[in-house]
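Worksheet: the structure to be examined is printed underneath.
We name chains A, B, ... by the order of the sequence lines, and we start the count at 1 in each one. Hydrogens, waters and symmetry mates are skipped; everything else that's a heavy atom, side chains included, is used.
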There are 2 protein chains.
Amino acid sequence: MKTEKDKVDAIKNGEKHFLHHLSIDCVLFGYHEHQLKVLLLQWKHSGKWSLPGGFIKLDETLEESAKRILKERTGLDDIFLQQFQSFGDPKRSHRSKQDIETLAIVSGSLIDETHWILKRTVSIGYYAVTEYSKVTPRPDPLSEICEWWDIDELPQLVFDHNIIVTEALKALRLQIYHQPIGYNLLPEKFTLPEIHALYETILGKELDRRNFAKKLISLGIIKKLDEMRSIGAHRSPFLYKFDKRKYDKALKEGIALAF
Amino acid sequence: MKTEKDKVDAIKNGEKHFLHHLSIDCVLFGYHEHQLKVLLLQWKHSGKWSLPGGFIKLDETLEESAKRILKERTGLDDIFLQQFQSFGDPKRSHRSKQDIETLAIVSGSLIDETHWILKRTVSIGYYAVTEYSKVTPRPDPLSEICEWWDIDELPQLVFDHNIIVTEALKALRLQIYHQPIGYNLLPEKFTLPEIHALYETILGKELDRRNFAKKLISLGIIKKLDEMRSIGAHRSPFLYKFDKRKYDKALKEGIALAF
DNA sequence: TCAAAAGTGTTCAATGTACACCCATGC
DNA sequence: GCATGGGTGTACATTGAACACTTTTGA
């Protein structure tokens with residue numbers, strides 16, 4: 001785990017450790033009880049909101065880099081992670097004078113317009129999905145706050161980050177029709193209403209309970225167990241689990257869902 | 001249009017004009033009479049084959065960069081172009097000693113291991129599709145030959161370019177189910193057999209003529225004209241054209257094809 | 001008149017969609 | 001016993017898939 005000192009050091013000396021002109025931005029979708037949220041950071045001083053992001057170390061793959069960034073913000077290791085698009089408009093990452101001052105103050109370093117971190121940066125977008133009740137968001141050294149925002153009520157974000165979120169959501173919703181999801185999002189054993197709510201939330205629309213269950217079961221990626229979950233003052237739902245074999249096969253070969 | 005001198009100059013002085021650590025690789029699919037090909041370049045001296053690619057100028061967008069690269073190799077301007085994935089394995093772009101010598105010879109420049117062009121490079125992959133009978137491939141200054149290769153008979157390519165081709169084809173085939181294609185690939189007026197062959201070729205499988213036509217027409221993206229094309233010693237097929245309004249709508253909103 | 005390519009419609013199967021009532025549980 | 005949420009099946013509509021014969025054209 002990185003210490004704050006390491007991170008500040010990265011701004012000062014990152015020139016030697018990171019790829020210039022490139023960054024990773026992560027759209028982390030948090031799912032919980034029919035709500036879809038996005039993890040955002042609020043920058044110190046300027047108060048602007050941004051996606052969690054970072055730079056790529058000289059010797060790590062893009063995916064390792066995205067995983068590292070997410071782990072630093074969430075502590076989570078096994079996250080459903082997908083590269084979806086790169087953003088490279090020459091003007092996308094313009095920083096204001098105030099931002100530059102903030103970077104200088106936070107890092108205790110001399111930062112002028114020629115600093116590597118201020119050069120034109122192409123950002124590789126990754127999205128990820130997690131159960132947000134499991135996460136304790138941690139700000140990075142440049143940020144005061146790291147917290148979840150409702151997908152429908154995002155503030156204005158820095159750079160082109162609003163566009164990145166929109167594109168990530170589009171990509172996620174497209175992907176969900178071709179690959180199963182849920183493996184890292186649901187407990188090992190889950191109920192039909194749980195996975196149903198997950199799909200409804202991500203797709204942002206209602207899905208008929210019966211038809212939904214029929215399809216997942218007929219695809220064979222989930223199977224019913226002989227156990228039930230006690231949910232208090234209501235009928236106990238059956239538990240299901242993923243058929244890992246068929247789930248992985250569907251991940252690799254794709255499926256055709258049409259909800 | 002760039003002269004050879006400009007290109008060689010780019011290797012010598014590109015440090016100032018291009019983004020380091022980043023490149024664009026283009027998988028240009030060429031379609032003609034039921035054959036799908038890919039445009040490849042053969043490097044001077046080493047004889048290795050690669051995708052057309054290049055670096056990103058400081059002030060151009062990623063898409064402009066990809067368009068520029070394709071225009072230099074094909075002369076074509078209006079090409080169906082899609083960003084599909086970025087490739088960033090730290091070892092993906094390792095160059096052999098021989099390659100480095102070749103670069104030095106061709107550019108008449110001193111190139112050692114510290115040269116910017118040899119640094120770790122993340123490549124942003126674009127694919128494009130064109131009618132290859134319209135194209136006269138032009139080698140770049142580093143290459144002897146620029147020519148079409150059958151998609152099923154590709155040679156071993158440099159770096160991870162075989163993987164890039166495979167991923168591009170996967171992305172193209174996925175996209176074709178969600179967005180119409182053909183606008184820049186077919187003449188303004190075309191016949192059903194023509195667009196049918198286009199889809200069959202890209203998808204690499206046979207599609208029932210009647211069902212295929214039924215679907216495209218029922219989606220409304222093509223419409224029948226009162227004209228026919230004379231094709232010699234056979235029955236004259238009707239001409240169709242795209243309904244641009246519905247075509248663009250389908251491009252934006254997506255469609256669900258299931259051939 | 002023949003060869004080659006294009007036009008066309010129907011039937012059957014599978015899938016998707018819409019829909020409502022009963023059951024279990026804890027308070 | 002009641003409120004709440006979960007379980008379940010059927011009928012209908014739509015879509016997909018399979019399939020063959022006739023027409024046009026120029027040689």
Does the side chain of [Y] come within less than 4.5 Å of [X]'s, by heavy atoms?
| X | Y | value |
| --- | --- | --- |
| B/Val38 | B/Phe29 | yes |
| B/Val129 | B/Asn184 | no |
| B/Leu70 | B/Lys67 | no |

Can you tell me how far [atom2] of [N] sits from [atom1] of [X], to the nearest Å?
| X | N | atom1 | atom2 | answer |
| --- | --- | --- | --- | --- |
| A/Leu207 | D/dG6 | CG | C1' | 17 Å |
| A/His196 | D/dG5 | NE2 | C1' | 13 Å |
| A/Asp208 | D/dC12 | CG | P | 18 Å |

Working to the nearest 0.5 Å, report the span between [atom1] of [X] and [atom2] of [Y].
| X | Y | atom1 | atom2 | value |
| --- | --- | --- | --- | --- |
| B/Leu225 | B/Tyr240 | CG | OH | 9.0 Å |
| A/Phe242 | A/Lys223 | CZ | NZ | 12.0 Å |
| A/Leu185 | A/Thr201 | CG | OG1 | 11.0 Å |

I need the residues from residues 212-226 of chain A with at least one non-hydrogen atom less than 4.0 Å from DNA chain C; give them sorted by number, or say none.
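A/Lys214, A/Lys215, in order of number.
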Got a sec? Which of residues 234-242 of chain A come in under 4.0 Å of DNA chain C, heavy atoms?
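A/His234, A/Arg235, A/Ser236 - these, ordered by number, are the residues of the stretch whose heavy atoms sit under 4.0 Å from the strand.
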I'd like to check the ring pair (Phe, Tyr, Trp, His ring centres under 6.0 Å) partners of B/His234; sequence neighbours left out, ordered by chain and number.
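Checked B/His234 against ring pair (Phe, Tyr, Trp, His ring centres under 6.0 Å); zero matches.
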For A/Leu198, is there any backbone N or O sitting under 3.5 Å from a side-chain donor or acceptor partner on A/Tyr31?
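Here the side-chain-to-backbone pair exists.
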Below 4.0 Å from chain A heavy atoms, what is the first contacting nucleotide of DNA chain C and what is the last?
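Listed 5' to 3', the contact boundaries are C/dG16 to C/dG26.
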Quick check on DNA chain D: between A/Arg210 and B/Asn211, whose nearest nucleotide comes earlier from the 5' end?
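Residue closer to the 5' terminus by nearest nucleotide: A/Arg210.
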For DNA chain D, whose closest nucleotide is more 5', that of B/Arg209 or that of B/Phe259?
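On the 5' side of the pair lies B/Phe259.
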Hey, mind stepping through B/Glu72 and B/Arg68 against salt bridge (Lys or Arg N to Asp or Glu O under 4.0 Å) and telling me if it holds?
CA-CA 6 Å; B/Glu72 286 168 6; B/Arg68 175 175 53 78; 3.7 Å; yes
Identify each donor-acceptor pair in which a side-chain atom of residues 247-259 of chain A lies under 3.5 Å from a protein atom, sequence neighbours left out, and give them as a table.
| from | atom 1 | to | atom 2 | distance (Å) |
| --- | --- | --- | --- | --- |
| A/Tyr247 | OH | A/Pro180 | O | 3.4 |
| A/Tyr247 | OH | A/Gly182 | N | 3.4 |
| A/Tyr247 | OH | A/Tyr183 | N | 3.1 |
| A/Asp248 | OD1 | A/Lys244 | NZ | 3.2 |
| A/Asp248 | OD2 | A/Lys244 | NZ | 2.8 |

Give me each pair satisfying salt bridge (Lys or Arg N to Asp or Glu O under 4.0 Å) with a member in residues 174-200 of chain A, each pair once, sequence neighbours excluded.
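Output for this query lists A/Lys189-A/Glu227, A/Glu194-A/Arg229.
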